[in-house]
Amino acid sequence: MPERVFGHIPAYPEGSRFESRAELSEAGVHRPLIAGISGSEKEGADSIVLSGGYEDDEDLGDEVVYTGHGGRDAESGRQVAHQRLTRGNLALAHSSIEGLPVRVIRGANLVSQYAPRSGYRYDGLYLVDDYWHAEGRSGFRVWRLPVVCC
DNA sequence: TCCATGCGCGGCC
DNA sequence: GGCCGCGCAGTGG
């Protein structure tokens with residue numbers, strides 16, 4: 001497995017389009033096939049996908065309030081527990097502290113005027129501005145991570 | 001080890 | 001043709 005890359009993947013400039021998560025993964029733009037956050041707790045996060053999977057996401061175009069992962073029931077996909085600051089959530093927090101760039105990808109399933117019509121689109125580098133936890137729509141605590149265009 | 005913001009397919013309208 | 005729900009697959013963090 002190649003080393004984690006922070007920043008642009010040279011062969012895929014901002015605006016590059018992908019048919020599927022498998023294509024994104026092969027390109028190295030976002031490796032995980034399902035998970036929305038790529039990263040490690042020690043190194044930080046290198047990319048995220050916005051695909052409408054979490055109800056608390058907000059997309060303002062040059063700013064996105066991304067929701068952390070975890071706390072969901074595997075079958076229903078509904079939030080059934082508090083999220084913790086571990087795994088991908090902690091990776092993003094680390095990126096925030098270190099000021100590391102994060103590749104942002106939008107998918108067609110995202111409910112936003114900035115979502116692509118189909119497939120996935122690489123929308124460039126963002127910085128994780130901050131992170132805090134708050135009660136989400138479900139009533140459970142979710143991590144909120146505003147990322148801003150840079 | 002477990003989890004993760006998929007995906008194709010068949011049924012239905 | 002589009003939407004929805006089911007079930008499965010399979011890799012990286």
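Proteins come first, then strands; the chains are lettered A, B, ... in the order of their sequence lines, and each starts at number 1.
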| Under-4.0 Å side-chain N/O to phosphate OP1/OP2 contact, A:Tyr120 with B:dG6 | yes
| field | Nucleotide paired to B:dC2 in any strand shown, Watson-Crick or G-U, under 3.5 Å | value | C:dG13
| task | Please state how far atom CG in A:Asp59 lies from atom P in B:dT5, giving the value in whole angstrom units. | result | 17 Å
| Does the gap between the ring centers of A:Phe18 and A:Tyr12 come in under 6.0 Å? | yes
| message | Without decimals, in angstroms, what is the distance between A:Arg4 CZ and C:dT11 C1'? | response | 14 Å
| task | Look at A:Ser25 and C:dG12 and indicate whether a side-chain polar atom (N or O) is within less than 4.0 Å of OP1 or OP2. | result | no
| request: Could you check whether A:Gly88 gets within reach of a base, just the sugar-phosphate, or nothing at all, counting any heavy atom under 4.0 Å? | output: nothing
| remark: A:Arg87 has its side chain closest, among B:dT5, B:dC3, B:dC7, to B:dC3
| request: Take the protein atom CD of A:Glu26 and the nucleotide atom P of B:dC7, then report the distance between them rounded to whole Å. | output: 12 Å
| Atom-pair distance (CG on A:Leu24; P on C:dG10), nearest Å | 19 Å
| request: Could you measure between the two C1' atoms, the one in C:dA9 and the one in B:dC3, and give it in whole Å? | output: 15 Å
| Between C1' of B:dC2 and CD1 of A:Ile34, the distance in whole Å | 12 Å
| field | Nearest-angstrom distance from the residue atom CG of A:Leu110 to P of B:dG6 | value | 11 Å
| note | From the list A:Ser95, A:Ser40, A:Ser38, side chain to side chain donor-acceptor pair (under 3.5 Å) with A:Asp46 holds only for A:Ser38
| field | Phosphate-side-chain proximity, A:Arg21 and B:dG6, N/O vs OP1/OP2 below 4.0 Å | value | yes
| task | Take the protein atom CD of A:Glu55 and the nucleotide atom C1' of B:dT5, then report the distance between them rounded to whole Å. | result | 12 Å
| query | Any idea which heavy atoms bring A:Arg31 and A:Glu3 closest together, and the distance? | reply | NH2-O, 3.8 Å
| Does the distance from a Lys or Arg side-chain N to an Asp or Glu carboxylate O, for A:Arg137 and A:Glu55, drop under 4.0 Å? | no
| message | Whole angstroms only, please: what is the CZ-P distance between A:Arg121 and B:dT5? | response | 20 Å
| said: What contact category does A:Asn109 fall into here, base, sugar-phosphate, or nothing, at under 4.0 angstrom with non-hydrogen atoms? | reply: nothing
| request: Remember a base hit wins even if backbone is also touched, and classify A:Leu50 as base, sugar-phosphate or nothing at under 4.0 Å, heavy atoms. | output: base
| message | Give me the distance, rounded to whole Å, that separates C:dG10 from B:dC2 when you measure between the C1' atoms they each carry. | response | 14 Å
| field | Given C:dG10, B:dC7, C:dT11, the nucleotide with the shortest approach to the side chain of A:Leu33 | value | C:dT11
| task | State whether a side-chain donor-acceptor pair under 3.5 Å links A:His30 with A:Tyr122. | result | no
